[in-house]
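First the structure, in the form of structure tokens, and then the observations on it.
Throughout, numbering of the chain's residues begins at 1 and tracks the sequence. All values below were derived from every heavy atom in this structure, side-chain atoms included, with hydrogens, water molecules and symmetry-related copies excluded. For ligands, and for the atoms within them, numbers begin at 1 and follow the listed sequence.
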Amino acid sequence: MRETCDVVIAGAGPGGLAAACHAAEAGLKVLVLDAQPQPGGQIWRGEARTGKNPLARKWLTRFAASSARFRPGARVIASPEPGVLLVEEGASSFAVHHGRAILATGARERFLPFPGWTLPGVLGVSGLQVLVKDGLPIRGKRVVLAGTGPLLLAAAATIQSHGGEVLYIAEQAPAADHWRFALQLWRHPSKLLQGAVMTAKLITVPTSTDAWVLAAEGTDRLESVRLSVRGHEEHLRCDYLGASYGLVPNLELPRLLGCEVSHGAVLVDERLETRVPRVHAVGELLGIGGVDQALVTGELAGLVAADRPIPESLARAWRGVRDFSVHLARHDAPREELRRLARPDTVLCRCEDVPLSALEGCTNLREARLYARLGMGACQGRTCGPAAQTLFGWSGEDVRPPCLPARIGSLRLPPPDVSPSHTSKS
Ligand SMILES: Cc1cc2nc3c(=O)[nH]c(=O)nc-3n(C[C@H](O)[C@H](O)[C@H](O)COP(=O)(O)OP(=O)(O)OC[C@H]3O[C@@H](n4cnc5c(N)ncnc54)[C@H](O)[C@@H]3O)c2cc1C
């Protein structure tokens, strides 16, 4: 099968949705692809069910009313030639021939290994939050959260509101960096307000900066956590541990298309065009900045694609969110001690069961793949790749197709034929 469109958008999170609305409302033929069954991305995916967030409702309604077409469960896996994306959907695949491409593939959590991090009951901070929102029974369960940045507070507030008992919030950032970050929030009033509301809700929860997990302990599942808190050790019995260290952009697709990446973010110009002509990037791909950044950059890219003028207010908003993103990156940078927690027998790649000791002698990611099978399993290095980068400074630049695990049959470029049998916005 073959699709043609003026603009293809990879990712239906806030960034992709905002871009799609502007481009489609200007009369362009827009196709939005997302690996998930619902639009909304990491933050708004459940919104169709709950309808609780007015901002999400506004954008999802606008998207549904636009002429943009949404293909759910559509995973972009390769780009056989410039201007063409190869997409796997269920048991088949199809090619999309496009004018412009807007990449909005978002971010995932950064996991750093420590003894016991693969025990059942240990999850990512935001992963645990998502499970709780989706119905994980948390009432009466004791939870410890360890990581960095505003998502720690968001997760704690969700867990508490569902009846979980948050025993401790361990923020890895040094106190001085944490307060420097908090003090610059006056420039971002909506974030300041959000932070203040969440902090007030969590006033009774013990929280510390300069704090991180030393080890998760238990026989068959998590039973307790050892924390380092300002130079002292704390031991807490608990049912769940959420431990992850901020987010990292999903750079596989931009890298596959040849976009230049610097300091972990896609490089773009003022029109959000990457170094590859007619390929744009928005949202978390530009550096972790949250939903405001995703919406502002999505709107900008949609207007650029439609050849519409950029209102000064939007350009100003972009400068603001960029500034926030720079401060957040400084705050969330993993501290040195986190690089030294794993022991020789601590698993680094959990898909292939690769312990830290197996990497002895490896000097880069390629060698670690070839000699120790790091990143060769089902997730293709999505978890251990960023960990290896933080621990050893190895970067994952050499992305090869497919950029997501795919069936062999999907890799064949489908013969040109008629267009799709089904599309949906539900
Ligand atoms: C687990 C998790 C939980 C979070 N929870 C919160 C929260 O509670 N509050 C908050 O303020 N922020 C939260 N965030 C941050 C939030 O996700 C972002 O601020 C915001 O959603 C970014 O929007 P985006 O459009 O850039 O990307 P996203 O919303 O991440 O959307 C990216 C979309 O791209 C799709 N995609 C990726 N690769 C492909 C591909 N190759 N082919 C097809 N589709 C693809 C994904 O399925 C996803 O739907 C969370 C992040 C994560 C990772």
* Establish, for the pair R221 and Y240, whether the NZ or CZ atom is under 6.0 angstrom from the six-membered ring centre and no further than 45 degrees off its axis. => yes
* Asked: Restricting to pairs with a member in residues 113-123, which pass salt bridge (charged side-chain N to carboxylate O under 4.0 Å, His left out), not counting sequence neighbours?
  -> none
* Structure fact -> Residues passing the side chain to side chain contact (heavy atoms under 4.5 Å, CB included) test with S190, sequence neighbours excluded, are D292
* To do: Answer yes or no: are there more than 12 heavy-atom neighbours, outside R366 itself, under 6.0 Å from its atom CZ?
  => no
* Taking NZ, NE, NH1 and NH2 as the nitrogens, is one of them in K29 or E3 under 4.0 Å from a carboxylate oxygen of the other? -> no
Pairs under 3.5 Å, N/O atoms on ligand 1 and on the protein: can you put them in a table with the distances?
| from | atom 1 | to | atom 2 | distance (Å) |
| --- | --- | --- | --- | --- |
| ligand 1 | 8 (O) | Q129 | OE1 | 3.3 |
| ligand 1 | 8 (O) | Q129 | NE2 | 3.2 |
| ligand 1 | 19 (O) | E284 | OE2 | 3.1 |
| ligand 1 | 19 (O) | V291 | N | 3.2 |
| ligand 1 | 25 (O) | P14 | N | 3.4 |
| ligand 1 | 25 (O) | G15 | N | 2.9 |
| ligand 1 | 26 (O) | E284 | N | 3.0 |
| ligand 1 | 29 (O) | Q42 | N | 3.1 |
| ligand 1 | 41 (N) | V76 | O | 3.1 |
| ligand 1 | 42 (N) | V76 | N | 2.9 |
| ligand 1 | 44 (N) | A35 | N | 3.1 |
| ligand 1 | 47 (O) | D34 | OD1 | 2.7 |
| ligand 1 | 49 (O) | D34 | OD1 | 3.1 |
| ligand 1 | 49 (O) | D34 | OD2 | 2.7 |
| ligand 1 | 49 (O) | R45 | NH2 | 3.3 |

What donor-acceptor contacts under 3.5 angstrom involve side-chain atoms of residues 140-159, with partners at least two apart or in another chain?
| from | atom 1 | to | atom 2 | distance (Å) |
| --- | --- | --- | --- | --- |
| R142 | NE | D239 | OD2 | 3.2 |
| R142 | NH2 | D239 | OD1 | 3.3 |
| T148 | OG1 | E171 | OE2 | 2.7 |
| T148 | OG1 | Q172 | NE2 | 3.2 |
| T148 | OG1 | D332 | OD1 | 3.4 |
| T158 | OG1 | Q129 | NE2 | 3.0 |
| T158 | OG1 | A154 | O | 3.0 |

